[in-house]
Amino acid sequence: METEISFPYGDNFYNNAANYWSEIPPTVDGMLGGFGYISDTDIRSSRMLLKQIFQSKNPPGREYALDCGADLVEQNPEFLQTAKTYLGSNIMDKKIGQMIPIGLQNFEPEPNKYNLVWIQWVLGHLTDDHLVRFFNICQKSLKQNGIIIVKENVTSLNIVEVDEKDSSVTRPISYFKQLFEKSNLDCLRVVKQINLPPGLYPVYMFVLRPKKLKGEASQEESQNNQEDSDICKENLKN
């Protein structure tokens with residue numbers, strides 16, 4: 001049975017989140033709520049997943065990636081400016097295309113441009129309707145074999161938790177599954193972040209790819225996608 005989320009503050013849901021983040025220092029520790037020391041652990045697991053994805057069958061290309069929520073698409077300009085300083089002019093000039101100061105509820109990526117869209121620790125600031133809309137827009141931005149990776153906190157119990165302080169929600173895995181289905185996304189893989197300190201929300205990575213229409217995919221691709229999707233569904237039950 002589907003669950004409906006009652007979002008805090010109604011129409012002020014986004015304004016209150018923007019006000020909250022405007023008062024947070026633009027540092028790794030600030031972005032991670034005082035848990036900046038988990039950054040290296042987070043990055044290692046993300047890199048391992050990407051390595052496995054690029055070594056898989058039908059991997060995405062490596063030309064363009066879109067990072068949503070922390071580095072390239074971020075509503076707080078101060079965070080983007082700090083990211084530029086942190087990365088340095090050499091990386092900015094050679095590897096970074098543009099940084100976009102906008103909330104994801106208003107962002108529309110360029111169609112057919114990206115091999116990979118990485119979305120981390122930001123979807124709790126989107127309502128369900130805007131989240132499904134964003135997933136649909138992201139699908140249009142993907143090149144052939146492109147994928148979407150979501151890395152988010154999840155609740156341990158099968159409930160949605162509301163944080164009125166930063167105007168966000170934390171969804172359970174089952175609810176993410178519903179939203180993936182509504183967005184016409186196949187979940188190819190689910191990976192749990194390891195080595196986090198006790199007391200934090202569990203963190204999961206979801207590898208997603210747009211579902212292909214009947215007759216569009218080859219028999220081999222359909223079989224591979226179905227096997228991956230079945231793996232995801234099995235993991236979502238656990």
Side-chain angles (χ1 to χ4, degrees), residues 21 24-74 76 79-92 94-97 99 104 114-125 138 142 145-156 166 168 170-173 176-177 180 185-209 228 231-232 234-236 238:
W21 286 105
I24 300 300
T27 62
V28 172
D29 208 41
M31 293 184 69
L32 296 181
F35 293 95
Y37 61 89
I38 71 170
S39 180
D40 288 344
T41 300
D42 161 51
I43 292 171
R44 278 196 299 271
S45 291
S46 298
R47 283 178 172 170
M48 184 179 300
L49 176 63
L50 286 173
K51 181 179 180 180
Q52 293 169 351
I53 288 171
F54 286 124
Q55 292 175 345
S56 65
K57 292 182 179 179
N58 302 316
R62 294 172 178 258
E63 292 84 10
Y64 285 100
L66 178 65
D67 181 359
C68 300
D71 295 317
L72 303 186
V73 182
E74 159 63 48
N76 190 334
F79 281 87
L80 295 182
Q81 187 56 50
T82 300
K84 290 180 182 179
T85 303
Y86 175 81
L87 292 171
S89 59
N90 187 45
I91 292 179
M92 286 296 302
K94 293 182 179 180
K95 295 189 175 182
I96 305 299
M99 292 185 169
L104 294 188
Y114 298 103
N115 307 108
L116 184 148
V117 176
W118 187 283
I119 310 166
Q120 180 167 349
W121 285 331
V122 68
L123 296 183
H125 288 293
C138 284
L142 294 176
N145 291 336
I147 59 171
I148 299 170
I149 298 179
V150 168
K151 187 169 187 177
E152 287 289 341
N153 295 346
V154 302
T155 57
S156 299
D166 67 358
S168 70
T170 303
R171 299 171 171 96
I173 289 181
F176 273 114
K177 178 183 177 183
F180 298 154
L185 286 167
D186 271 330
C187 181
L188 305 182
R189 191 169 184 184
V190 181
V191 179
K192 185 177 182 179
Q193 171 70 52
I194 61 173
N195 296 327
L196 292 180
L200 299 182
Y201 281 114
V203 176
Y204 280 82
M205 292 176 278
F206 304 90
V207 181
L208 309 169
R209 181 167 278 166
D228 287 334
I231 291 172
C232 173
E234 185 63 33
N235 284 326
L236 287 171
N238 298 331

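In what follows, every heavy atom counts, from backbone to side chain, and hydrogens, waters and symmetry copies are set aside. What you see is a predicted model, and the numbers here were worked out from it, not measured in a lab.
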Checklist entry - Parallel, tilted or perpendicular: which fits the ring planes of Y114 and Y64, with parallel below 30° and perpendicular above 60°? => result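 Correct class here is perpendicular.
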Checklist entry - Stepwise, does the side-chain contact (heavy atoms from CB on, under 4.5 Å) test hold for D42 with Q193? => result CA-CA 7 Å; D42 161 51; Q193 171 70 52; 4.2 Å; yes
Just wondering, do [Y] and [X] contact through their side chains at under 4.5 Å, heavy atoms?
X    : Y    : result
I149 : L50  : yes
C68  : W118 : no
L208 : C187 : yes
T155 : Y201 : yes
S45  : V191 : no

As an exercise, state the distance from [atom1] of [X] to [atom2] of [Y], rounded to the nearest 0.5 Å.
X    : Y    : atom1 : atom2 : result
L123 : T170 : CG    : OG1   : 11.0 Å
S168 : W21  : OG    : CH2   : 8.5 Å
D186 : I148 : CG    : CD1   : 11.5 Å
I147 : I53  : CD1   : CD1   : 4.0 Å
L185 : C138 : CG    : SG    : 9.0 Å
I96  : D67  : CD1   : CG    : 8.5 Å

Could you tell me which non-hydrogen atom of [X] sits nearest to which non-hydrogen atom of [Y], and how far apart they are?
X    : Y    : value
I194 : T41  : O-CG2, 3.4 Å
G146 : R209 : O-NE, 3.4 Å
M205 : L49  : SD-CD2, 3.6 Å

Checklist entry - If only atom types and distance count, is the side chain of N115 paired as donor or acceptor with the main-chain N or O of E63 below 3.5 Å? => result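 Answer holds: yes.
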Next on the checklist: Keeping R171 on the side-chain end and E152 on the backbone end, is there a donor-acceptor pair under 3.5 Å?
Outcome noted: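 Pair absent, no side-chain N/O of R171 close to backbone of E152.
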